[in-house]
Amino acid sequence: PEYEEVLKGKELATTVYAPYEGKRRLVGFTPVPSVGWAATAGKPEEDVAWAAFGSIAFNVLLFLLVSLGAFFAAVAFSRKIANPVSSLRDHAIALGDGQATDPVRPGDISEVRDLAEAFEAMSGKVQARETALRESEEALRRSRDELDEKVKERTAELREVNAVLLSEVSERRKSQE
């Protein structure tokens, strides 16, 4: 049946059973119009499948190697970012808890270095404000204590004066009676 199609001028590729080999073959048919013949070429199906499998296997292996290489490169590069950012986070937590910390080591990435420098500047300003606030609180506490002491002294003076005045008033009442 394949030859009829080919002899009508149509090229054809198909799988046929070759009884002399006991195997299936991939065969291509092409017409040769000048002589009215058909030319064919074929290979056992398993040979073609193994060749295709070998090519696919090589491509899959190459894809896996490139993917693994890209994965490990991404992990290595991500650590260069993640470690300094983690250090910044720890520094922020310590600063939030009021602990003085060593400066952050920013690493090699310029953006992370810029972030670390900005963070250090902010950290210095926060610590300066906190120090100023503590000093202000201490000054306020001293002023309050001094005021309390002055109020106690003045109250004692007023009690003395009041006692003297009450004594004088009592003496005048007695003398007027």
Side-chain angles (χ1 to χ4, degrees), residues 1-140:
E2 291 86 9
Y3 286 110
E4 292 174 12
E5 297 274 330
V6 174
L7 292 176
K8 291 179 185 174
K10 183 177 178 187
E11 290 186 2
L12 183 66
T14 187
T15 306
V16 296
Y17 180 74
Y20 61 90
E21 289 180 316
K23 299 179 181 177
R24 297 192 56 77
R25 295 179 66 83
L26 291 175
V27 182
F29 297 90
T30 187
V32 183
S34 61
V35 289
W37 290 3
T40 65
K43 266 195 155 198
E45 197 175 49
E46 63 191 32
D47 292 351
V48 174
W50 276 109
F53 175 76
S55 175
I56 290 171
F58 173 76
N59 288 333
V60 166
L61 182 62
L62 183 63
F63 175 76
L64 286 174
L65 288 174
V66 168
S67 296
L68 285 172
F71 172 76
F72 288 118
V75 167
F77 287 123
S78 72
R79 295 228 185 267
K80 292 183 102 177
I81 294 172
N83 289 342
V85 169
S86 178
S87 178
L88 280 172
R89 184 204 62 216
D90 295 342
H91 192 73
I93 290 170
L95 185 63
D97 291 341
Q99 300 171 1
T101 60
D102 295 332
V104 177
R105 292 179 304 280
D108 300 335
I109 298 173
S110 65
E111 290 82 0
V112 175
R113 189 172 38 252
D114 292 345
L115 178 63
E117 289 170 2
F119 188 84
E120 283 300 321
M122 180 208 57
S123 173
K125 289 176 184 177
V126 166
Q127 287 176 343
R129 274 195 303 257
E130 191 169 314
T131 300
L133 181 61
R134 284 188 186 130
E135 289 171 358
S136 175
E137 286 175 347
E138 183 59 32
L140 184 61

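Sequence positions, counted from 1, serve as the residue numbers for this chain. These numbers come from the heavy atoms of this one structure, side chains and all, not from hydrogens, waters or symmetry mates.
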Please set out all donor-acceptor pairs under 3.5 angstrom arising from side-chain atoms of residues 23-46, sequence neighbours excluded.
{"from": "Lys23", "atom 1": "NZ", "to": "Glu46", "atom 2": "OE2", "distance (Å)": "3.3"}
{"from": "Arg25", "atom 1": "NH1", "to": "Glu21", "atom 2": "OE1", "distance (Å)": "2.8"}
{"from": "Arg25", "atom 1": "NH1", "to": "Glu21", "atom 2": "OE2", "distance (Å)": "3.0"}
{"from": "Arg25", "atom 1": "NH2", "to": "Gly42", "atom 2": "O", "distance (Å)": "2.8"}
{"from": "Thr30", "atom 1": "OG1", "to": "Glu11", "atom 2": "OE2", "distance (Å)": "3.3"}

Residues 65-78 side chain polar contacts: donor-acceptor under 3.5 Å, at least two apart:
{"from": "Ser67", "atom 1": "OG", "to": "Phe63", "atom 2": "O", "distance (Å)": "2.9"}
{"from": "Ser78", "atom 1": "OG", "to": "Ala74", "atom 2": "O", "distance (Å)": "3.2"}
{"from": "Ser78", "atom 1": "OG", "to": "Val75", "atom 2": "O", "distance (Å)": "2.8"}

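For the atom pair Arg79 CZ and Ser86 OG, the distance stands at 11.0 Å (nearest 0.5 Å). Within the model, atoms CZ of Phe58 and CG of Leu61 stand 7.5 Å from one another, a figure rounded to the nearest 0.5 Å. Distance CG/Leu133 to CD/Glu138: 12.0 Å, rounded to 0.5 Å.
Between the Thr131 side chain and the Gln127 main chain, a donor and an acceptor come within less than 3.5 Å of each other.
Taking the charged nitrogens against the carboxylate oxygens, Glu130 and Arg134 do have a contact shorter than 4.0 Å, which makes a salt bridge.
Residues Val126 and Met122 are in side-chain contact: their nearest non-hydrogen atoms beyond the backbone lie under 4.5 Å apart.
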